[in-house]
> 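Mind looking over this structure? Questions follow.
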Amino acid sequence: MEQFKEKIIMGISVGHREKEALEVQKLLTEYGCYVKTRLGLHEASNNACSSKGLIILEFIPNSDDKVQELEDKLAAIPDVKTGIMEF
């Protein structure tokens with residue numbers, strides 16, 4: 001019997017938000033039913049936003065296969081990097 005992870009957290013670094021935001025958002029919407037929590041972070045100063053962004057996702061239990069699919073699709077986008085934590 002395959003054992004699923006209790007918690008899977010994915011960090012997504014977006015190198016050029018202006019160029020990749022639409023494609024990343026499309027994938028996050030496609031896999032949205034498997035996401036329990038989503039947190040988006042970016043650097044901002046008085047009059048400007050950073051072109052880099054960080055997204056943190058917590059997935060629902062037993063979604064291991066979908067997490068892997070999403071990670072593979074995100075890896076195909078230039079300047080997008082992912083990292084996974086499993087508990």
Side-chain angles (χ1 to χ4, degrees):
M1 178 193 227
E2 185 177 343
Q3 184 170 349
F4 291 98
K5 286 77 175 179
E6 193 171 317
K7 281 229 189 279
I8 300 175
I9 308 292
M10 178 186 289
I12 306 167
S13 173
V14 181
H16 295 286
R17 291 186 315 120
E18 299 84 2
K19 290 194 301 187
E20 284 109 15
L22 288 176
E23 196 169 354
V24 170
Q25 181 57 46
K26 180 181 171 189
L27 288 172
L28 294 180
T29 299
E30 180 181 340
Y31 289 87
C33 291
Y34 304 99
V35 175
K36 181 177 178 183
T37 306
R38 175 179 169 178
L39 175 64
L41 307 167
H42 71 277
E43 292 291 323
S45 62
N46 290 338
N47 293 333
C49 289
S50 171
S51 65
K52 297 181 180 181
L54 177 64
I55 302 165
I56 300 170
L57 304 177
E58 174 192 10
F59 292 92
I60 62 171
N62 303 327
S63 58
D64 301 43
D65 293 341
K66 295 300 180 181
V67 172
Q68 186 61 57
E69 284 178 23
L70 176 58
E71 184 177 30
D72 292 344
K73 290 180 181 182
L74 287 167
I77 303 172
D79 295 318
V80 172
K81 297 176 185 161
T82 61
I84 299 284
M85 293 186 294
E86 298 174 346
F87 301 95

> Give, for atom CG of L70 and atom CG of L28, the distance between the pair rounded to the nearest 0.5 Å.
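That separation rounds to 6.5 Å.
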> Looking at every non-hydrogen atom in both residues, tell me the closest pair between G15 and K52 and how far apart they are.
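Taking every non-hydrogen atom into account, O-CG, 3.5 Å.
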> Do D79 and V14 have side-chain heavy atoms sitting under 4.5 Å apart?
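SC-SC contact between D79 and V14 ruled out.
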> Quick one: pull up CZ in F59 and NZ in K66 and give me the separation to the nearest 0.5 Å.
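Here the interatomic distance stands at 12.0 Å.
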> Rounded to the nearest 0.5 Å, what separation is found between the CG atom of L57 and the CZ atom of R38?
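Going from the CG atom of L57 to the CZ atom of R38 covers 7.0 Å.
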> L22 and V80: same hydrophobic cluster, using ILVMFWY side-chain contacts below 4.5 Å?
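No.
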> Would you compute the distance between atom CD of E86 and atom CD1 of I8 and round it to the nearest 0.5 angstrom?
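Answer rounded to 0.5 Å: 5.5 Å.
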> Rounded at 0.5 Å granularity, tell me how far CD1 in I12 sits from CD in E20.
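Reported to 0.5 Å precision, the distance equals 12.0 Å.
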> Can you tell me how far CG of L39 sits from CD1 of I9, rounded to the nearest 0.5 angstrom?
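It comes to 10.5 Å.
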> Do M10 and L74 make a side-chain contact, defined as non-hydrogen atoms from C-beta onward lying under 4.5 Å apart?
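Yes, close enough: below the 4.5 Å cut-off.
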> Within the side chain of T29, is there an N or O that forms a donor-acceptor pair under 3.5 Å with the backbone of Q25?
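Yes, T29 side chain to Q25 backbone: donor-acceptor pair under 3.5 Å.
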> With the side chain counted from C-beta on, respond yes when E30 and E69 share a heavy-atom pair under 4.5 Å apart, and no when they do not.
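No, their side chains stay 4.5 Å or more apart.
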> So V24 and I77, do their side chains get closer than 4.5 Å, heavy atoms only?
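With C-beta onward as the side chain, the pair touches.
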> Please determine, by modelled atom types, if Q68 and D64 share a side-chain donor-acceptor pair under 3.5 angstrom.
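No, no side-chain donor-acceptor pair sits under 3.5 Å.
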> Ignoring hydrogens, what is the shortest heavy-atom contact between V35 and I60? Give both atom names and the distance.
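Heavy atoms only, the tightest pair is C-CG2, 4.5 Å.
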> Please examine the side chains of E6 and P61, heavy atoms only from C-beta on, and report whether any two atoms are closer than 4.5 Å.
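Answer no - side chains too far apart.
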